[in-house]
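Down below is the structure, laid out as structure tokens.
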Amino acid sequence: MRTLVRFPARTSLEQILDILERDEEFQAQVTHWERLPAKAPVYAPYPGWLDERIVRTLRARGIDALYSHQAAALDAIHAKKHTVVVTPTASGKTLCYDLPVLDAIAKEPSARALYLFPTKALAQDQLAELDRLAGDMAIEFKTYTYDGDTPPQARAPTRSAGPVVIPNPDMPHPGILPTTRSG
């Protein structure tokens with residue numbers, strides 16, 4: 001059994017699929033093969049309530065409109081409805097939660113958000129993108145990760161300092177929830 005399939009540099013996705021479809025050894029490991037045709041994207045305008053700095057920043061990045069699922073998610077979140085977004089990889093889910101958080105912080109600097117990701121690597125990737133987006137928007141903003149690698153002396157300041165704290169799944173119960181006070 002071959003464990004690695006190599007492709008020449010600059011091989012397109014269509015070429016890779018063609019090669020794999022003709023590869024008998026690879027196909028022996030596949031139970032179903034189907035190519036779905038691409039669908040044209042459906043766009044929607046930015047909601048009128050979204051902070052103009054966010055809209056300007058996204059347009060400067062070449063994002064002139066939202067995908068329809070992003071606009072629907074933003075409107076549901078803005079209406080304070082519980083919202084779940086399930087779409088394929090690289091379909092813009094991150095903006096569905098980053099934009100409402102950035103909008104809330106832009107309008108009320110004391111606003112806070114808790115992001116939870118299943119892995120440290122994903123948390124670091126999301127942290128970096130959120131920092132870039134906030135920086136481009138010129139919004140005073142700091143994000144912090146809060147995980148087992150956070151030094152004990154930095155944990156209390158991390159919990160209270162940033163508008164966005166990103167723990168891993170192990171940290172909220174023992175490290176964050178017991179330290180919150182209700183009013």
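Because the structure is a prediction, the values reported are computed rather than measured.
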Would Tyr97 and Leu102 satisfy side chain to side chain contact (heavy atoms under 4.5 Å, CB included), going step by step from the backbone distance to the final call?
CA-CA 9 Å; Tyr97 53 85; Leu102 289 169; over 6 Å; no
After noting the C-alpha distance and the side-chain angles of Asp125 and Phe117, does the key distance pass the side chain to side chain contact (heavy atoms under 4.5 Å, CB included) rule?
CA-CA 10 Å; Asp125 289 347; Phe117 297 106; over 6 Å; no
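Leu50 and Tyr46 get closest at one heavy-atom pair: CD2-CD2, 3.9 Å.
In terms of modelled atom types and a separation under 3.5 Å, the side chain of Thr57 and the main chain of Val55 share no donor-acceptor contact.
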Could you go through residues 61-79 and list every donor-acceptor pair under 3.5 Å that involves a side-chain atom there, pairing it with any protein atom two or more places apart or in another chain?
unit_1: Arg61; atom_1: NE; unit_2: Asp136; atom_2: OD2; d: 3.3
unit_1: Arg61; atom_1: NH1; unit_2: Glu129; atom_2: OE2; d: 2.8
unit_1: Arg61; atom_1: NH2; unit_2: Asp136; atom_2: OD2; d: 3.0
unit_1: His69; atom_1: NE2; unit_2: Ser91; atom_2: O; d: 2.9
unit_1: Gln70; atom_1: OE1; unit_2: Tyr67; atom_2: N; d: 2.8
unit_1: Gln70; atom_1: NE2; unit_2: Gly92; atom_2: O; d: 2.9
unit_1: Asp75; atom_1: OD1; unit_2: Trp49; atom_2: NE1; d: 3.2

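Under the 4.5 angstrom side-chain criterion for Ile, Leu, Val, Met, Phe, Trp and Tyr, the cluster partners of Val86 are Val84.
Residues satisfying the side chain to side chain contact (heavy atoms under 4.5 Å, CB included) test with Ile16, not counting sequence neighbours, are Phe7, Thr11, Leu20. Contacts of Ser110 classified as side chain to side chain donor-acceptor pair (under 3.5 Å), with partners at least two apart in sequence or in another chain: Glu108. For Ser12, the side chain to side chain donor-acceptor pair (under 3.5 Å) test picks out Gln15, with sequence neighbours left out. Listed by chain and residue number, Glu14, Asp18, Glu21 satisfy the side chain to side chain donor-acceptor pair (under 3.5 Å) test with Arg35 (two or more places apart in sequence, or in another chain).
Rounding to the nearest 0.5 angstrom, the gap separating the CD1 atom in Ile54 from the CZ atom in Arg59 is 12.5 Å. Distance CE/Met137 to CD1/Ile105: 8.5 Å, rounded to 0.5 Å.
Criterion: ILVMFWY side-chain heavy atoms under 4.5 Å apart, direct or through other members. Under it, Leu95 and Leu122 are part of a common hydrophobic cluster. Val85 and Leu58 sit in two unconnected hydrophobic clusters of ILVMFWY residues. Membership requires side-chain heavy atoms under 4.5 Å apart, directly or through other members.
Applying the salt bridge (charged side-chain N to carboxylate O under 4.0 Å, His left out) test to pairs two or more places apart or on separate chains, those with a residue in residues 44-57 are Asp51-Arg53. Evaluation of the salt bridge (charged side-chain N to carboxylate O under 4.0 Å, His left out) test over residues 86-103, restricted to residues two or more places apart or in two chains, returns Asp103-Lys107.
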